[in-house]
Amino acid sequence: QVHLLESGGGTVQPGGSLRLSCAASERTFRGYAMGWFRQAPGKDREFVAVISWNRGIAFYEDSVKGRFTISSDDAKNAVNLQMISLKLEDTAIYYCATFFGPYYSDYDARRANNYDYWGQGTQVTVSS
């Protein structure tokens, strides 16, 4: 059964923009925070960004700081990832995930094992 549903992926040229969205089907599945990981072919899954529900505290992977912005929509149990100035290396499948870790910090947010629910992924392709 689908708990998290991503959308907004697509193909853009370098320097382009995309906006990803992820909606939890129920409040139960949104956790303490929700965020994004990505996985490129032949590479490990990589943390991208996360935002908490209570205070909107966000953490980002260094490579996307200043280019990606994560936001939350409490009414819709959804998070969005606005991506600008996209680079070839941003190409990956982007996965939405729900954070349930007992501690919320920059370190904790980066660990995939602190996320219990995962979406099916949405493809982001940056190509010239």
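All values below come from the heavy atoms of this structure, side chains included, with hydrogens, waters and symmetry mates left out.
- In this structure, the ring of F100 has its center no less than 6.0 angstrom from the ring center of Y115.
- Remark: E61 engages R110 in a salt bridge, criterion side-chain N to carboxylate O under 4.0 Å.
- Aromatic pair F68/Y60: centroids not less than 6.0 angstrom apart.
- With hydrogens and angles left out, the side-chain atoms of Q123 and T125 include a donor and acceptor closer than 3.5 Å.
- Between D74 and R30, at least one side-chain nitrogen of the basic residue sits less than 4.0 Å from a carboxylate oxygen of the acidic one, meeting the salt-bridge criterion.
- Between K65 and D62, at least one side-chain nitrogen of the basic residue sits less than 4.0 Å from a carboxylate oxygen of the acidic one, meeting the salt-bridge criterion.
- No close placement of the F47 and W36 rings is indicated, their centers lying 6.0 Å or farther apart.
- Y117 and F29 have their aromatic ring centers within a separation under 6.0 angstrom.
- Between the side chains of N80 and S21, at least one donor-acceptor pair of N or O atoms lies under 3.5 Å.
- Environment of CG in D44: sparse, with no more than 12 heavy atoms of neighbouring residues, nucleotides or ligands closer than 6.0 Å.
- For the pair E26/H3, no side-chain contact is recorded, criterion being any heavy-atom separation below 4.5 Å from C-beta on.
- Judged by the 6.0 Å and 45° rule, R45 forms a cation-pi pair with W118.
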